Structures are given as C-alpha cells and as structure tokens.
Amino acid sequence: MSIAYKPQEIEKKWQEIWEERGLYRSVVDDSKPKFYYLTMLPYPSGDLHIGHWYAMTPSDAQARFYRMQGYNVLFPMGFDAFGLPAENAAIRRGVHPATWTYQNIENMRRQLRSMGAMFDWSREIVTCEPEYYKWNQWFFLKMYEKGLAYRKKAAVDFCPSCNTTLAREQVVGPERVCERCGTPVIKKDLEQWFFRITDYAEELLDFSKLEWPERVKVLQRNWIGRSEGAEVVFKTEQGDELVVFTTRPDTLWGTTFMVMAPEHPLVEKLISPGQREAVEQYVADTRRMEDIVRESAEREKTGIFTGAYAVNPVNQERIPIWVADYVLMTYGTGAIMAVPAHDERDFAFAVKYDLPIRVVIAPPEWDGQPLTEAYSGEGTMINSGELDGTPTPSGIKEVISWLEERGLGKKAVNYRLHDWLISRQRYWGTPIPIIHCPNCGVVPVPEDQLPVELPTDVTFRASGENALTYNEDFLHVKCPLCGADARRETDTMDTFMDSSWYHYRYLSPHYQDGPWDPEEGAYWLPVDQYTGGIEHATMHLLYTRFFTKVLRDLGLVDSDEPMLRLFNQGIILGEPRDGDFVQVTGSWSGDALVAAKIQVLTQAEGSYLDRKSLPPYKIGENGVQGEVWHRDEGGIKVRVLGGDDEEHIVVVNAQEAAVEIGGQPARLADLHMHLEVEKMSKSRGNVVAPDVLVNKYGADTVRAYLMFAFDWQSGGPWNSRGIEGSYRWLNRVWSLVFDDSPVPDGEADPADVRQLRRKTHQTIRKVTLDMKAFAFNTTVAALMELTNLMRKLQVTPVRGSDAWKEAVDNLILLMAPITPHIAEEMWTGIGHEFSVHNQPWPVWDETIAQEETMTLVIQVNGKLRDKIAVSVGIGEEEARALALQSKAVQRHLQGKTVRKVIFAANKLVNVVAK
RNA sequence: GCCGACGUGGCGGAAUUGGUAGACGCGACAGACUUAGGAUCUGUUGCCCGUAAGGGUGUGGAGGUUCGAGUCCUCUCGUCGGCACCA
C-alpha cells in the first residue's frame with residue numbers, strides 16, 4: 001500500500017480535468033436516447049446546506065448511472081435568484097439585492113462544484129438576469145392576450161411585515177401566517193394580477209400521464225378540491241337572483257333559510273329598512289375581524305337577519321335571508337341554502353337563532369322524532385313532494401335532472417382552487433410588463449420593448465415598501481398607444497413564475513429568438529425525471545403543470561405535462577445531543593436561580609454523555625447540578641432528574657454569571673444545550689455544514705454517506721459518527737485496489753474464485769436494479785458487501801486471478817456514479833483509460849450470479865428447527881427426506897404424528913405434525 | 001373533524017413482496033498491533049434462561065386468515081404530514 005487516500009487532492013484534480021475536457025457538456029445527439037434529469041434549483045441564500053447535498057448528490061448519482069447506461073443525459077443547474085431575502089438583506093444591511101444575490105451565487109457555485117456533480121454549467125440559468133425574466137414578461141403578455149392573465153380588485157392576503165400580498169398557498173396554518181416570516185396576514189382590498197389557473201382545474205386533476213408519488217397527487221387533488229353538485233337559483237322577493245351551490249340538491253326541500261357571506265355584493269341591496277343599521281354594523285364588525293378569529297371552526301357562529309326573504313324554487317316557500325360569517329365569499333357563490341336537518345353548521349346556526357329544522361332525508365329506521373343533531377348520511381327523501389321515497393345516492397342525480405327540466409338549476413362543479421395571485425409589491429422580482437395610461441387604461445408593453453428592466457439605482461425604505469413605486473425614472477413612461485404620460489405597473493411577479501418554466505430555459509439559456517431553442521426542445525423535452533422536496537407539492541408543482549398546459553395551448557410544447565416522473569427525497573434533521581452537564585451556584589429568587597457561577601463539568605461532543613462518570617443530579621440550597629436543557633441570551637434551563645426519572649426544569653438567570661468550561665473562562669453562548677431530533681436551524685445550533693465535511697472527509701465520503709445512511713424518501717437525523725463508516729469504506733476500497741504487496745503464493749481455491757465471481761455479478765445485478773429504484777442505501781450496502789468479501793480474499797492467491805481483476809473493475813464502475821472522484825482515480829490508477837465516467841455500465845451474467853448451493857430451511861409447525869446446505873433446485877422428494885432425517889426435526893417430532901409436509905421450492909420444508 | 005403516510009435491536013436502516021427477521025453501517029463489548037490511540041485489524045453483539053448443547057421469545061398492541069405473517073384482514077394505540085365552517 002504505497003499511497004494514502006487523499007480525497008482533497010484527487011477531488012480537486014478531477015473536477016478540473018472533467019471541466020477542461022467538457023465531460024458533462026450535453027449536446028443534442030440523435031444517435032442516443034435522451035434523458036432529461038432535473039433536480040430542483042436552489043435559492044441563493046448564501047451557503048449550501050446539507051439538505052442541498054442530500055437532494056442533489058443522489059440525483060447526480062442516478063443521472064450518472066443513466067449516462068453510463070447509454071443515455072444522453074442532461075443534468076442542469078441554476079439559481080432561483082429573485083425573492084424576498086435579497087431585498088430584506090438590502091434593507092437591513094444596505095447591500096443591493098443584486099450584489100447580495102450574485103455574491104451568494106458565486107459562493108454557491110463553488111460549493112456546488114465541490115460536490116463533483118455532472119452539472120452542465122454551460123446551461124446554467126440565473127432567474128434574476130434580464131435575459132431570463134424577459135421571457136416571464138413575454139409569457140405574461142401571451143397570457144394576457146388569451147385572457148389568462150387578468151387584473152381585479154380583490155380582498156387579498158397581505159403580510160404587513162413583508163409588505164406584500166401573498167398567494168393563498170403562501171399563507172399557512174390555522175393562524176394564517178406568512179409562510180416566510182410567520183407574521184399573521186391581514187386582508188387588503190387591492191387591484192391585483194391573477195393567472196386563470198382555475199380554467200385548468202379539471203385537467204390538473206388528471207394525473208394519468210404522470211408517474212408521481214401518490215402523496216403529491218393526493219395533496220394536489222385536495223388543493224384543487226373538486227366537488228360535484230348543483231347550482232340552484234333562488235329569487236329574492238325584490239326579484240334578484242340568488243344563486244347557491246350545493247352538493248346535496250336532494251335536501252332542497254329542507255331549506256328553511258338562506259345565508260349570505262357578509263361580503264356578498266347583494267347584501268347591501270337586500271337589507272330591509274328596519275334591519276339596515278344592525279346588519280351594516282354586523283358586516284363591518286365581521287370584516288374588521290381577523291381571519292384567524294373568524295375562521296376558527298370552534299367559534300360559535302354568529303349572524304343576523306337581513307329582513308329580506310327569498311322563495312325556494314322547489315316549493316315556493318318564503319324563507320328568511322340571513323348574513324353570517326360562517327359563509328365564505330371565497331367559495332361557491334358566497335351564498336348558501338341552509339338545510340339545518342342535514343348540515344351540521346346549518347343545524348348549529350338554526351338552533352342558536354331558533355330557525356325551523358325540517359327533516360327531508362329520513363335516516364334508516366328513523367322514529368319520526370326531531371333530530372338532536374344534523375343527519376348528513378344516506379336515507380330516503382321525504383317532505384319533498386313528488387320525489388318522496390327516492391333513496392339518497394340516486395336522489396341527488398334525480399333532483400338535478402328535475403331542476404334542469406324546470407330551469408331552476410343545473411349540475412355544477414365547484415373547486416376550492418383559486419386563481420393564482422401573482423402580484424407582489426416588491427422590488428426584487430420580474431416587473432409586470434403593463435402600462436397604466438389615463439386615456440387607454442391598461443396597456444401591455446409591446447413585445448419589442450421587452451424586457452422591462454428592473455432599475456438598479458433604487459433606494460430601499462425600512463418599511464419594505466416597493467422601491468419601484470417611488471423610482472421616478474422607472475415610473476414615468478409614454479403610453480405605447482396614445483403617447484400620453486403614463487405610469488408603469490410597479491407590481492412584480494411571484495417568484496413561482498420563474499420556477500414554472502425554468503426547465504425549458506435550461507435548454508438554451510442565452511437564446512434570443514424565443515424562450516428556448518425549439519430544436520433543443522424537440523430533443524430533450526419533456527423532463528424524464530424530476531427530484532425535489534415534498535414541500536413543493538401544491539405550489540411549484542401545480543404551477544409548473546399549469547404553465548406547461550398554457551404553453552401547450554400557445555403551441556410552444558407538445559407535452560401535456562412538464563415532468564413525467566417525480567421523486568421526493570426527505571430531509572436531513574439535526575443530530576440529537578445531550579446538553580452540557582453543569583454545576584450552577586448562586587442564590588434562589590423564587591423558583592428561579594440567579595447564577596453567580598456556571599461550571600461545565602463535561603462538554604458533550606455529538607453523542608450522549610456517559611451518565612456513570614458524572615456527579616449526581618442535585619437541587620440544593622445554593623445551586624443545581626444537571627443538564628443544560630435550553631439556553632438563550634438571558635440564561636439557561638437546567639434539567640434535573642429525580643430518583644424515579646422525575647424531571648425538574650430549573651430556570652437559571654445567567655446575566656451576571658461567570659461561565660467556566662474545563663476551568664477556562666467561557667461565554668454563555670459556548671454552553672451546549674440539549675438537542676432533540678428536529679429540523680436544522682441556526683438558532684438551535686444543529687446545522688451541519690457540508691464545506692466542513694468536504695474538507696475533513698472529501699466529497700465522495702459525504703455523497704456515499706448521504707446515499708447510504710437514509711432511506712432517500714424519508715431522510716432522518718444526521719449522525720456525525722456514521723459518516724466515519726463511509727470514510728472507512730472508501731479507505732478500504734482504496735487499499736484493496738492499490739494493494740501492491742506480493743500476491744500470496746499458491747493456487748487460488750476454485751471455490752473462492754467462483755464465490756468471488758458470483759458475488760461480483762450479484763452485485764452488478766443488485767446495484768443496477770436498486771439504482772433505478774432509488775434504493776440508494778441498499779446499493780451502497782451491496783458495494784460494501786462485495787468489498788468485505790474481497791477483503792477476505794485479498795490475503796489469498798485469489799488476488800492474482802482474473803476473477804479478482806473482474807471484481808476490482810466492476811467495483812470501480814459500480815461506484816463511479818456514487819463516488820465519482822475516487823472511482824476515476826482508481827480507474828486510471830490501475831491503468832485503464834480516462835474516463836471511468838465514459839465507460840458502459842457493467843452487465844451481469846445471470847448464470848454466474850446464480851447460487852449453486854442454498855440453505856434449505858427446515859421448519860416443524862412453522863418454527864425454524866434446522867438449516868441444511870443443499871444444491872439449488874433440489875427436488876421435493878429429496879428435500880422432504882432430508883428434513884425428516886434431521887436430528888433436530890426428529891427431536892421435535894417426538895410424540896407427534898406427521899400430518900403434512902410443505903415444500904417451497906428453493907426455500908424451505910415445513911413439517912406439520914400433531 | 002376529514003384525508004394521507006408511518007410504527008422493526010441502543011441508533012440509521014434491510015428483508016427477492018406470504019417462506020431463515022435484523023443485510024449493510026453506527027455504537028457497544030472483547031482481543032491484536034502499538035510508546036500511545038478516539039488510527040488500523042480480528043471477533044462478538046435483538047431480548048430472556050443456560051457454563052454449554054439447547055430452548056423460549058421477538059417487527060406498537062389485541063384478534064383473525066394460513067402449513068407459515070414484519071408483510072394479508074379486522075379492531076386499537078401512537079407519531080408525523082396535509083386540509084380545515086369548502087356548503
């Protein structure tokens with residue numbers, strides 16, 4: 001073993017050589033099948049996170065695998081460069097968003113290169129470049145022409161902290177907070193731009209052309225929220241039409257009142273004079289109420305009678321119209337028919353306001369008594385005139401035809417999905433290419449004037465207000481139609497616009513005559529494999545599907561779907577750790593301890609403390625001994641365990657405390673607090689920095705570990721010891737391949753040779769199948785198994801055999817996608833030609849991989865009693881005889897009679913006895 | 001509340017889809033080499049009883065189907081994720 005494995009040297013070397021030789025430049029080549037492998041592009045936040053590595057390096061390995069299998073693989077990378085953090089940095093630190101962004105990109109490019117991934121950098125895109133966002137604007141204009149982009153005044157969710165509107169899916173949780181900063185959103189009435197994604201709602205529910213995880217499809221289906229029912233037209237006594245949507249038209253005869261959303265435009269007109277003041281007060285109160293309060297389901301419903309009446313079209317009954325906050329303007333028509341007997345919410349409302357409840361669906365075996373709660377199950381229609389007696393499922397259909405015949409209503413489908421709100425009141429985004437002219441109104445910027453560039457000389461206000469709104473140069477423009485002084489639209493586009501089509505721009509990032517070069521498109525599209533996090537299930541992945549359908553309808557692409565196959569990787573969580581064990585002395589102030597001195601008795605490094613070697617937990621008169629459970633600027637919490645594992649958390653005020661670690665003075669911030677398995681975050685201090693790992697172990701180790709240690713789909717907690725295992729493995733492989741000690745004398749044992757060949761071919765088979773199936777952890781495990789066998793045979797004459805060479809070559813080839821640098825170094829190092837990455841993927845020989853002998857499992861009554869080595873393909877008779885001869889079997893058969901013998905070929909014999 | 005996913009050693013995770021549970025790795029324990037080792041190498045390692053041979057038990061829990069269940073069915077508990085007055 002003449003040379004040591006020095007990943008830092010060989011990785012840098014090969015990355016440069018691959019780059020120089022253009023090894024991963026992908027060009028259209030009709031002689032090869034194409035494979036467009038796409039992994040989600042990062043936001044340039046500053047540093048590459050271990051999560052980026054976790055998402056990208058297994059993807060890279062799979063892309064490399066396809067490449068060696070003979071595909072022409074495109075594996076591009078870029079930066080999702082517009083967005084709020086850049087602007088916030090500008091405000092906080094006075095750096096221009098562009099400067100901040102490009103500095104981060106520069107750094108992240110370096111970090112990305114350190115992965116050794118096969119990214120084709122000649123196709124890199126940066127979405128904040130005018131040559132990129134010009135096409136955002138172009139698409140916007142095309143959509144505007146087709147009526148797919150429109151402007152309307154709407155009550156929109158607005159984040160007062162980010163000072164911008166949010167799309168519906170950017171408002172999260174029952175508290176309805178801003179996804180980015182956690183501030184509760186407020187409602188604002190603003191003129192906003194929307195994309196008509198609802199036009200495609202039905203088509204977006206069709207996943208038949210997609211090989212996507214069921215999870216994602218379910219999330220999208222829920223998000224689109226399709227429900228079938230009917231629209232029924234009620235008339236008010238004033239003669240206005242009041243349309244309602246219902247999924248249960250069969251309960252129409254049970255409508256005893258109607259409810260409108262407080263925001264419903266007709267409310268104003270309906271109010272009777274006597275009720276005017278009260279209703280207006282109610283509407284105003286509701287509108288002022290925050291959504292958090294209003295939309296909490298537990299809250300008791302409130303409402304008020306408008307004084308107006310409507311007529312139920314099915315039975316001409318006069319029913320009161322109420323206004324209530326439990327009806328939402330944003331769903332259906334903003335008005336409902338209330339059927340208290342068969343709807344929980346209506347029931348509660350009717351009880352509260354003493355409104356009539358009429359049963360029209362008789363529950364099975366109903367005794368005719370008044371209901372104590374709403375019955376929404378199946379039953380038989382009653383009190384419904386000529387339709388009495390119709391059972392529930394068919395009743396719905398029958399009522400719909402009944403309504404349609406009489407022109408009272410029609411079958412209808414409703415979606416929860418809203419149009420996509422794309423306006424953002426922010427500077428760092430794509431300007432919406434629209435001009436507001438006092439004479440002509442809304443005027444699109446002519447195509448030949450694109451891009452509308454973001455001005456660079458802008459000043460940022462601490463409030464976060466859109467800098468474009470007071471940038472005079474940007475603002476003032478002549479109307480392209482009439483030449484009058486006009487004003488530019490200052491809203492910019494949601495950044496999801498950028499990521500909705502970036503996979504098209506990768507094809508030709510600098511192409512001038514269109515969003516991409518159609519020739520490239522004809523070859524590479526659509527994306528064959530997409531990988532990324534599940535968190536994008538309803539936003540990015542729905543928008544990008546919508547976008548492709550729009551592009552298809554514009555005649556730009558042939559496919560209905562952007563990405564045929566999707567795989568979601570999980571996330572890497574923080575490593576759990578015990579906190580430091582400390583001895584705190586000070587004085588008590590109530591329940592809290594005011595510390596004078598905090599001594600760390602041991603500093604935990606990554607793993608749990610050994611309790612045995614520590615002093616006991618203690619709460620005393622002048623201090624405590626225990627584990628640092630939590631730490632913040634003001635102090636710590638110390639966890640003390642009592643005799644029965646009873647837990648006490650002591651709050652320690654450490655403002656005035658002297659901190660000592662190992663006898664040395666230290667800062668409070670140096671104390672390690674207890675960490676659970678939880679998301680990595682700077683504040684918790686459990687972030688793993690890939691750069692540090694690369695410096696210590698090399699990229700190949702990090703790649704191998706990330707692929708080996710987790711089920712890729714699930715992710716899991718980081719383990720700083722675990723990565724050592726992968727490093728050991730690579731070192732062992734290295735010393736196996738570069739073993740230049742003399743080969744042991746003698747003849748190689750043919751059985752060993754056979755065993756090695758068999759294992760080699762089995763490994764090729766396993767790795768090939770598992771790589772395809774995203775089972776990366778078992779792929780690496782298989783390679784480790786082969787390594788382990790080789791290490792056993794390394795000290796025997798087998799090392800001089802052809803089987804050994806075969807094993808070494810194949811091991812290197814199979815490792816190439818996973819650990820590209822060491823594989824290249826070993827491949828060329830044993831005299832093969834550059835590059836290992838241009839080699840064809842090895843093929844296994846099924847007959848060599850075949851086992852000759854196997855372990856026949858012998859069971860008695862289903863319990864394992866013996867194992868016998870037999871040759872593969874042993875017949876039933878023979879197996880049965882062997883089983884019955886087994887001493888262990890005979891022992892267990894004593895006093896029993898054999899009833900039956902089950903034989904499972906190449907598996908086991910089960911003797912059933914009583 | 002509704003929808004979905006998941007529960008396997010001290011830990012991360014395997015299990016050809018109904019046929020040897022725990023591959024591979026981490027950790028732990030023992031030993032070798034070493035001035036030393038948190039390097040490297042060898043061995044052991046689900047739990048319980050037993051010196052051993054051997055036996056019992058074991059995939060969140062309870063039941064069921066089957067010659068045989070981590071895998072299929074029913075119920076149940078727990079964890080996580082999504083949606084949530086959606087008419």
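Note on naming: letters A, B, ... go to the chains in the order of the sequence lines (proteins, then strands), and numbering restarts at 1 for each one. The shown structure was predicted, so the numbers you read here are calculated from the model rather than taken from an experiment.
- When the side-chain nitrogen and oxygen atoms of A:Arg248 are compared with OP1 and OP2 of B:rA87, none of them lie within a distance under 4.0 Å.
- Within 4.0 Å of A:Gln859, counting heavy atoms only, lies at least one base atom of the nucleic acid.
- As judged by a 4.0 angstrom heavy-atom cut-off over every strand, A:Arg221 is placed among residues making no nucleic acid contact.
- Here A:Asn910 lies in heavy-atom contact (under 4.0 Å) with a base.
- B:rU79 and B:rG31: their P atoms are spaced 44 Å apart (whole Å).
- OP1 or OP2 of B:rA14 has at least one side-chain nitrogen or oxygen of A:Asn777 nearer than 4.0 Å.
- Looking at heavy-atom distances under 4.0 Å, A:Ser227 makes contact with sugar-phosphate atoms alone, never a base.
- Here the side chain of A:Ala709 is nearest to one of B:rU42, B:rA23, B:rG12, namely B:rG12.
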Steps toward side chain to side chain donor-acceptor pair (under 3.5 Å) verdict (A:Asp325, A:Thr286): CA-CA 7 Å; A:Asp325 54 11; A:Thr286 322; 5.3 Å; no
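- Nucleotides B:rA23 and B:rA15, compared at atom P, are 12 Å apart to the nearest Å.
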For nucleotides 77-80 of chain B, tabulate all protein N/O to nucleotide N/O atom pairs closer than 3.5 Å, reporting atom names and distance.
none

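- At B:rU42, one or more side-chain N or O atoms of A:Arg791 fall inside 4.0 Å of OP1 or OP2 (strictly under the cut-off).
- A close approach under 4.0 Å does occur between a side-chain nitrogen or oxygen of A:Lys900 and OP1 or OP2 of B:rC67.
- Distances were taken from every side-chain heavy atom of A:Trp223 (C-beta onward) to each of B:rC3, B:rC83, B:rU20; the shortest belongs to B:rC83.
- Separating the CZ atom of A:Arg215 from the C1' atom of B:rG4 is a distance of 10 Å, rounded to the nearest angstrom.
- Within the structure, a side-chain polar atom (N or O) of A:His892 is placed less than 4.0 Å from OP1 or OP2 of B:rG55.
- To the nearest 0.5 Å, the span separating CG on A:Leu541 from CD on A:Gln220 amounts to 6.0 Å.
- Counting any heavy atom pair closer than 4.0 Å across all strands shown, A:Gly715 reaches sugar-phosphate atoms only and no base atom.
- Residue contacts for A:Leu219: at a heavy-atom cut-off of 4.0 Å it reaches the sugar-phosphate backbone alone, with no base atom in range.
- The phosphate of B:rG55 has OP1 or OP2 within less than 4.0 Å of a side-chain N or O from A:Arg891.
- Counting any heavy atom pair closer than 4.0 Å across all strands shown, A:Asn788 reaches sugar-phosphate atoms only and no base atom.
- For A:Arg703 and A:Trp53, the positive end is not near the middle of the six-membered ring at less than 6.0 Å and at most 45° from its axis.
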